[in-house]
Amino acid sequence: MSVVQPHRVLFIPELLGIILSFVDEIDHVNNVCVCKQWSEIALDIIWKEVDDLSRLLALLRPYKIRGRYNFFDGLPDSRDWARFQKYANRVRILRFQQDSDVHYTGLLDDMARTRTTLDMLPNLHTLEWIYEDVDCMERATLFMHPRLKHLVISAPPLRYKDKVSFFLDVCVRAPHLHSLDLRVPYRVQYIETAILELLRGLPDLKKVIFPEFFLTSSIVSELSRMKHVNIVQFEYGHEQGYGEEKDVDTFSPVLEQGAFPALWDLAFTARIEHVMRFMNADFAPINLTSLYINTYVEHKPEELHMLFVMLSERCCRLSELYVLLAHHITGELELVPANQITFNTLTPLLSFPNLVTFQVMHKYPINITLEEIEELACRWPSLESLTLNEEPLVMHEFTLDLRALVPFARHCPKLRRLGLFIDANPVNIPPTLELKPFAALCFLSVGTSRARDPEAVAAFLSHLCPPNCKLEVGVTWISFGIRSCRLLDDDVRVEITRRFHPWKSVRDILPVLIQLRNEEREKSRALQEEVEDLRMRTRLLMDKVDIKASDSCIVV
């Protein structure tokens, strides 16, 4: 009986690894049993990322659970370590989040005492270690070594006095980090000195992510002296940690010659006047391609206009610009027309030579007309992402409706994300025969917009939206800022909820209608092709018998 030989492509390790990376985890276990070559590649995939520390510890030796604590059934010996190392060498990413119900400190201490090599995971390049207490904090260093490149870690607990010593230990054990993601559950003033020492001890750092309100003048000044830093960001939310707005109330970093030699992506929180002073200063990072500005102070549209003018003149390489004017006071949400952003406020954006992404957020709706939207889209054909304040908290003043989508579909073929605040009223729906669908739209965000007739709105959108376009509804205000900024008035929350339900119906109906619309287009295209084919055949037959198109078919 002949045996079917596998295709030779399955013996090329690189290609085989790519193929096996697409199968489910349970299939990897089966692949391990195929042959030695498949076994090695499948094991590399299985152990490349470890999200469960207990799964890794069990490789060394069986352990028992007594209450909240775990204990090996005996101290690991050299044979255990030899077996463990065959798997540990494959681990590239280790993620751990402390669970107050389970303690691994005893197991980790036994590993530290009995290990046969200094580096327990010698090929680890990414370590994520999120802890709550000092004991767990100190065990993080067991997995650090000079080849570690990416670190996501909690700051020492607030009650831990010598925070600098822990960070210095990190610098000694992992001095060549490329990225640092620091999670801190308290304000920056309690740890600023330690962060500065940490940054000074990591000369190869390229990317930093801090909690909001942690990019103080001192920290930004220190980052400006680092040769390789190219991304400086902050993240919102409980996971990253909440700081205090007062810590960045004044933003005035000291920039020296050669500041930020590699920086291209910067995000920070500051008043607009401080941003302008910073970006106008000598040695400012004018080669940025992405800039994210956040402020909780009330600003006039004129200030925003001047900021855009200055950035268009100073930062010619800017391709992404995000401005969040997140100031609002609970109980005070009366519309002030003089403080609304207008088309005139935004016109400097059209002077940026490379800008393709723009987002602005404000508590008041943007005062912009359909004619101005047409002009904006027409003059910005390279646009890829535009979010024009689709979730204002004052929600009853509309200047746009569904017709505002049409210019972007017509003039912006690269547009992938669009956010607008609109009154989706079927009365103002334009004729669908004149519509040109979006070519690349992936996300349509309507925020706190209003939908009057979900079925009619969905039917209209089905003419514009591509098959995989997602409709986004709701607000993000409650996910960032200090506590007072995350609170919304009761009537605002009720109105947001009321508006969500019609849009949910649109979101449910839209994919079905888009599919039906595509099937109609395909059928129409097929019929058109068939008609053209028949016309061509007719012409060929008529030419063959030398019959003119105007000749009569009646034979006398």
Side-chain angles (χ1 to χ4, degrees), residues 149-151 164 167-168 170-172 174-182 188-189 191-234 243 247-295 303-304 306-323 348 351-355:
K149 298 300 181 184
H150 311 285
L151 180 62
V164 172
F167 283 150
L168 290 178
V170 171
C171 294
V172 171
H176 304 301
L177 287 178
H178 286 181
S179 70
L180 172 68
D181 183 340
L182 188 62
V188 68
Q189 71 170 22
I191 198 173
E192 187 174 47
T193 301
I195 291 176
L196 293 174
E197 290 297 328
L198 177 63
L199 295 176
R200 292 176 188 130
L202 299 174
D204 297 332
L205 209 57
K206 296 181 180 180
K207 178 179 180 179
V208 295
I209 302 176
F210 292 140
E212 193 178 9
F213 309 124
F214 267 61
L215 287 165
T216 63
S217 299
S218 298
I219 290 176
V220 173
S221 297
E222 189 61 44
L223 288 168
S224 73
R225 302 183 191 103
M226 302 183 72
K227 295 180 180 180
H228 305 292
V229 166
N230 51 49
I231 299 175
V232 177
Q233 295 178 344
F234 68 85
D247 292 329
V248 293
D249 191 54
T250 300
F251 184 76
S252 55
V254 176
L255 302 181
E256 302 168 354
Q257 188 170 8
F260 290 121
L263 188 68
W264 60 267
D265 186 344
L266 175 62
F268 61 103
T269 300
R271 299 167 182 259
I272 285 182
E273 59 266 31
H274 296 168
V275 175
M276 293 187 65
R277 183 177 61 198
F278 172 68
M279 295 304 299
N280 259 323
D282 294 334
F283 319 122
I286 59 174
N287 292 322
L288 293 173
T289 60
S290 179
L291 179 60
Y292 188 107
I293 302 168
N294 198 31
T295 178
E303 295 176 273
L304 189 61
M306 289 189 295
L307 173 68
F308 292 154
V309 170
M310 184 271 293
L311 291 175
S312 68
E313 295 170 351
R314 294 277 288 169
C315 301
C316 296
R317 297 185 182 180
L318 209 60
S319 62
E320 299 178 11
L321 177 59
Y322 309 85
V323 182
S351 301
F352 283 85
N354 299 301
L355 196 67

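Values reported hereafter were calculated over all heavy atoms of this structure, with side chains retained and with hydrogens, waters and symmetry mates removed. Just so it is clear, the model here is predicted, and its values are computed rather than measured.
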### Query
Picking from L196, V188, T269, what satisfies side chain to side chain contact (heavy atoms under 4.5 Å, CB included) with T216?
V188
### Qualifying residue for side chain to side chain contact (heavy atoms under 4.5 Å, CB included) with L202, from C171, S179, P175
C171
Taking C-beta and beyond as the side chain, do [X] and [Y] meet within less than 4.5 Å on heavy atoms?
{"X": "I195", "Y": "F214", "answer": "yes"}
{"X": "I231", "Y": "W264", "answer": "yes"}
{"X": "N287", "Y": "F260", "answer": "no"}
{"X": "V208", "Y": "I219", "answer": "no"}
{"X": "H178", "Y": "H150", "answer": "yes"}
{"X": "L223", "Y": "L215", "answer": "yes"}
{"X": "L288", "Y": "M279", "answer": "yes"}

Approximate separation, where rounding is to 0.5 Å, of [X] [atom1] and [Y] [atom2]:
{"X": "L205", "Y": "H228", "atom1": "CG", "atom2": "NE2", "answer": "10.0 Å"}
{"X": "L255", "Y": "D282", "atom1": "CG", "atom2": "CG", "answer": "9.0 Å"}
{"X": "L321", "Y": "S290", "atom1": "CG", "atom2": "OG", "answer": "8.5 Å"}
{"X": "L151", "Y": "D181", "atom1": "CG", "atom2": "CG", "answer": "8.5 Å"}
{"X": "L311", "Y": "L355", "atom1": "CG", "atom2": "CG", "answer": "10.0 Å"}
{"X": "L263", "Y": "T289", "atom1": "CG", "atom2": "OG1", "answer": "8.5 Å"}

Closest heavy-atom contact between [X] and [Y]?
{"X": "P285", "Y": "F278", "result": "CD-CZ, 3.9 Å"}
{"X": "F308", "Y": "V323", "result": "CE2-CG2, 3.9 Å"}
{"X": "S224", "Y": "P261", "result": "O-CD, 4.1 Å"}
{"X": "A262", "Y": "K227", "result": "CB-O, 3.6 Å"}
{"X": "M306", "Y": "M276", "result": "O-CE, 3.8 Å"}
{"X": "A174", "Y": "L177", "result": "O-CG, 3.4 Å"}

For [X], which residues count as a side chain to side chain donor-acceptor pair (under 3.5 Å) partner, sequence neighbours excluded?
{"X": "N280", "result": "none"}
{"X": "H274", "result": "none"}
{"X": "D204", "result": "H176"}
{"X": "Q233", "result": "D265"}

### Task
Take atom NZ of K149 as the centre, draw a 6.0 Å sphere, and report whether it contains more than 12 heavy atoms from other residues, nucleotides or ligands.
yes
### Query
Should we count CZ of R317 as having more than 12 external heavy atoms under 6.0 Å?
no
### Query
Judged by atom type as modelled, is there a donor-acceptor pair below 3.5 Å linking the side chain of S319 to the main-chain atoms of N354?
no
### Query
Do any N or O atoms from the side chain of R277 and from the backbone of F251 form a donor-acceptor pair under 3.5 angstrom?
yes
### Contacts of type side-chain contact (heavy atoms from CB on, under 4.5 Å), residue T295, not counting sequence neighbours
V297, H299, L325
### Query
With V309, which residues qualify under side-chain contact (heavy atoms from CB on, under 4.5 Å), at least two apart?
H305, E313, P348
### Query
For the residue pair Y292 and F234, does the interplanar ring angle fall in the parallel (under 30°), tilted (30 to 60°) or perpendicular (over 60°) class?
perpendicular
### Query
Is there a side chain to side chain contact (heavy atoms under 4.5 Å, CB included) between V229 and L199 once you walk through the steps?
CA-CA 10 Å; V229 166; L199 295 176; over 6 Å; no
